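Here's the structure, in structure tokens; my notes come after.
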Amino acid sequence: MKGVLSERKTLHPQDIERRELPAAAGRAVRELAREISTTLDAALIDDAARAATLTDPALIAQIDARVTELPADVRRTLRPPATSAGATIVSRLPLTDAELGPTPPSWREAAQWSGTAARRASSFELDLVMLLLARCAGEPFGWQGQQGGRLVNNILPSPGHEHEQSGASSKTLLSPHSEDAFHPERANLLMLGCLRNPDLVGTTVSSVRRVELTAAQRRLLSTPTLPILPDVSYGTGHEQYSAAPLPTLWSSAGPDETTLRYDPAYTPLDDADADFRAAYARLGAEFERVCVTAALAPGELLLVDNDVAVHGRVPFTARYDGTDRWLKRVNVRLPDRPRRPEETDENGYGQRTVAPFRAAVNSAFASGGYEPTRTDEHRETPPVATEREAAHDRGPFEHP
């Protein structure tokens with residue numbers, strides 16, 4: 001499978017929605033995360049495996065019970081992007097570089113640090129910050145086959161992975177894509193929090209609602225033609241599942257309502273005819289034309305509407321000296337945005353979500369129309385963590 005975008009030399013910045021977390025609200029989030037961290041049972045704090053996945057029932061109960069204590073400004077600021085760009089930068093989360101320690105060499109080390117007392121006041125506490133913010137936005141969830149089932153992914157460069165299409169890479173362009181485009185239970189919203197970014201490495205976002213396509217191209221791309229396969233972060237074994245063709249574009253009321261599922265690196269484009277490939281290439285060129293670049297600073301969050309916008313990351317040179325870019329990412333399901341009926345019968349190539357938060361419609365942050373999706377919080381064998389890191393590290397921007 002091929003990536004279709006060349007390495008980007010010139011980006012085309014456009015205005016991107018920006019919001020500020022009020023100072024009192026930002027402090028409240030940090031303080032609540034610190035309180036939860038210090039009040040958890042000693043058994044949880046000492047159990048690196050449970051703390052590292054962030055799925056311990058005591059932890060989940062604390063997040064769910066106390067998130068309502070946060071000021072309403074937090075929920076208002078964390079609402080989904082409101083413009084056609086499909087992305088929003090939220091600033092002013094209190095954070096200092098001194099509290100972080102060195103950037104870990106891989107997501108595994110970052111997860112281990114989160115489960116130790118020495119790191120509890122830094123990486124683990126910031127994991128709780130991300131979960132609180134994500135719970136204000138909707139329902140945080142993870143993937144069994146991604147970063148060991150973690151609810152909060154660590155996105156950072158890792159030695160030996162410089163040229164992969166993963167969040168562990170650095171020297172290669174991470175192509176624009178929908179997060180987990182292959183799966184019907186993919187996130188509606190991606191939340192990417194910046195801890196460190198001294199080189200101002202850019203995360204790219206392109207909205208399908210800003211592209212220009214002909215009516216014929218839209219018809220071709222709206223026809224189920226090719227499957228989208230799982231990326232390398234999910235390992236192997238998906239070959240045993242049938243690969244059903246999917247539409248690239250979905251639109252029920254015109255371009256202003258268009259959504260998409262897009263991942264050119266994992267779409268077998270050579271199996272399509274010339275007309276479809278030409279339309280797909282035009283879409284890729286349009287994504288490059290309308291690209292917005294977000295060079296996040298520490299304490300900034302990038303919210304990406306995963307139904308509207310694709311994201312990626314520009315190349316950079318990692319130093320591996322403890323000062324490299326470090327992001328945390330959470331997948332969020334929005335309670336008022338269920339998936340289309342056409343997607344419910346997909347097999348998802350056997351990949352399961354880790355969804356310990358309740359998804360009831362009477363949840364404090366839920367609204368009508370939410371249908372809980374199939375989840376599988378436990379399985380007999382441990383989840384396999386593989387290296388498209390941060391699995392998608394692709395992720396917001398990872399594919400940054």
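These numbers were taken from a predicted model, which means no experiment stands behind them.
Without hydrogens or angle criteria, Asp273 side chain to Phe276 main chain gives a donor-acceptor distance under 3.5 Å. Ser207 contributes no side-chain N or O that, together with a main-chain N or O of Gly86, makes up a donor-acceptor pair within less than 3.5 Å. The closest donor-acceptor contact from the side chain of Glu286 to the backbone of Glu212 lies under 3.5 Å. Distance alone, capped at 3.5 Å, places no donor-acceptor pair between the Ser206 side chain and the Val290 backbone. In this structure a side-chain-to-backbone donor-acceptor pair under 3.5 Å is missing from Glu69 to Val67. Without hydrogens or angle criteria, Arg313 side chain to Ser175 main chain gives no donor-acceptor distance under 3.5 Å. Panel note: side chain Arg75, backbone Leu78; no donor-acceptor pair is recorded below 3.5 Å. Listed for the Glu17 side chain is a donor-acceptor partner under 3.5 Å among the backbone atoms of Ala82. Ser222 places no side-chain N or O within donor-acceptor distance of the main-chain N or O of Arg219, the cut-off being under 3.5 Å. Side-chain N or O atoms of Gln351 include none that pairs as donor or acceptor with a backbone N or O of Gly348 at under 3.5 Å.
Within the 4.5 Å cutoff, the side chain of Thr204 has no heavy atoms near those of the Leu173 side chain. Residues Leu283 and Gln217 have side chains not in contact (no heavy-atom distance under 4.5 Å, counting atoms from C-beta outward). In this structure the side chain of Pro245 never reaches within 4.5 angstrom of the side chain of Leu226, judged on heavy atoms. For the pair Met130 and Leu301, the minimum side-chain heavy-atom distance is below 4.5 Å. The shortest distance between side-chain heavy atoms of Ile16 and Arg18 falls below 4.5 Å. Residues Asp324 and Leu156 are not in side-chain contact: their nearest non-hydrogen atoms beyond the backbone lie 4.5 Å or more apart. Put simply, the side chain of Leu151 reaches to within 4.5 Å of the side chain of Pro356, judged on heavy atoms. Between Val208 and Tyr262 the shortest side-chain heavy-atom distance does not fall below 4.5 Å.
Here the straight-line distance linking atom CG of Asp180 with atom CG of Asn306 works out to 7.5 Å at 0.5 Å rounding. Atom CG of residue Leu200 and atom OG1 of residue Thr293 lie 12.0 Å apart, to the nearest 0.5 angstrom. Atom OG of Ser251 and atom CG of Leu221 lie 12.0 Å apart (nearest 0.5 Å). Rounding to the nearest 0.5 Å gives a distance of 11.0 Å between CG of Leu21 and CZ of Arg76. Here the OG1-CZ distance, from Thr267 to Arg277, works out to 13.5 Å after rounding to the nearest 0.5 Å.
The residues Arg209 and Asp256 are annotated as not salt-bridged, no charged nitrogen and carboxylate oxygen being separated by less than 4.0 angstrom. With salt bridges taken as basic N to acidic carboxylate O contacts below 4.0 Å, one links Arg337 and Asp305. Asp199 has no carboxylate O lying under 4.0 Å from a charged side-chain N of Arg325, or vice versa, which leaves the two without a salt bridge. Salt bridge status for Arg329 with Glu179: present, with a side-chain N to carboxylate O gap under 4.0 Å. A salt bridge is defined here as a Lys NZ or Arg NE, NH1 or NH2 lying under 4.0 Å from an Asp or Glu carboxylate O, and Arg186 with Glu343 meets this definition.
Under the 3.5 Å distance criterion, with hydrogens and angles disregarded, a donor-acceptor pair is assigned to the side chains of Asp307 and Asn188. Side chain to side chain, Arg319 and Thr323 meet the donor-acceptor criterion of an N or O pair below 3.5 Å. There is no side-chain donor-acceptor pair under 3.5 Å between Thr83 and Arg210. Defined by atom type and a distance below 3.5 Å, a donor-acceptor pair is missing between the side-chain atoms of Thr225 and Thr223. Residues Ser178 and Asp263 bring no donor and acceptor atom of their side chains to less than 3.5 Å of each other. Side-chain N/O atoms of Trp107 and Asn153 include no donor and acceptor closer than 3.5 Å.
Leu220 and Tyr280 fall into different hydrophobic clusters, where Ile, Leu, Val, Met, Phe, Trp and Tyr side chains are chained together by heavy-atom contacts under 4.5 Å.
Taking every heavy atom of both residues into account, Ala309 and Ala85 meet most closely at CB-O, 3.9 Å. Closest heavy-atom contact between Ala23 and Arg92: CB-NH2, 3.3 Å. Of all heavy-atom pairs between Pro80 and Leu334, the closest is CG-CD1, 3.8 Å. The heavy-atom pair separating Leu59 from Leu54 by the smallest distance is CD2-O, 4.0 Å. When every heavy atom of Trp250 is checked against every heavy atom of Arg261, the shortest pair comes out as NE1-CD, 3.9 Å. The minimum heavy-atom distance linking Ala134 with Val332 is given by the pair CB-CG2, 3.8 Å.
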#### Entry: Trace of the side chain to side chain donor-acceptor pair (under 3.5 Å) decision for Asn154 with Trp326
CA-CA 7 Å; Asn154 287 280; Trp326 184 3; 3.0 Å; yes

### Task
May I have the step-by-step check of side-chain contact (heavy atoms from CB on, under 4.5 Å) for Leu133 and Cys136, ending in yes or no?
CA-CA 5 Å; Leu133 293 172; Cys136 284; 5.6 Å; no

### Message
Run Val29 and Leu70 through side-chain contact (heavy atoms from CB on, under 4.5 Å) and show every step you take.
### Response
CA-CA 7 Å; Val29 174; Leu70 291 174; 4.0 Å; yes

### Task
Take Phe182 and Tyr349, measure what side-chain contact (heavy atoms from CB on, under 4.5 Å) needs, and give me the verdict at the end.
CA-CA 8 Å; Phe182 74 94; Tyr349 299 92; 3.6 Å; yes

### Query
Is there a salt bridge (Lys or Arg N to Asp or Glu O under 4.0 Å) between Glu31 and Arg34 once you walk through the steps?
CA-CA 5 Å; Glu31 290 168 3; Arg34 190 171 299 117; 5.8 Å; no

#### Entry: Steps toward side-chain contact (heavy atoms from CB on, under 4.5 Å) verdict (Arg66, Leu132)
CA-CA 9 Å; Arg66 302 198 62 186; Leu132 286 167; 5.8 Å; no

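Of the options Glu300, Arg196, Arg30, a side-chain contact (heavy atoms from CB on, under 4.5 Å) to Leu95 is made by Arg30 and by none of the others. Applying the side-chain contact (heavy atoms from CB on, under 4.5 Å) test between Val304 and each of Leu192, Leu190, Leu189, Val310 identifies Leu190 as the sole match. Evaluated for a side-chain contact (heavy atoms from CB on, under 4.5 Å) with Val201, the options Leu327, Thr317, Val314, Leu296 yield exactly one hit, Val314. A ring pair (Phe, Tyr, Trp, His ring centres under 6.0 Å) with His183 is found for one member of Trp143, Tyr241, Tyr266 and no other, namely Trp143.
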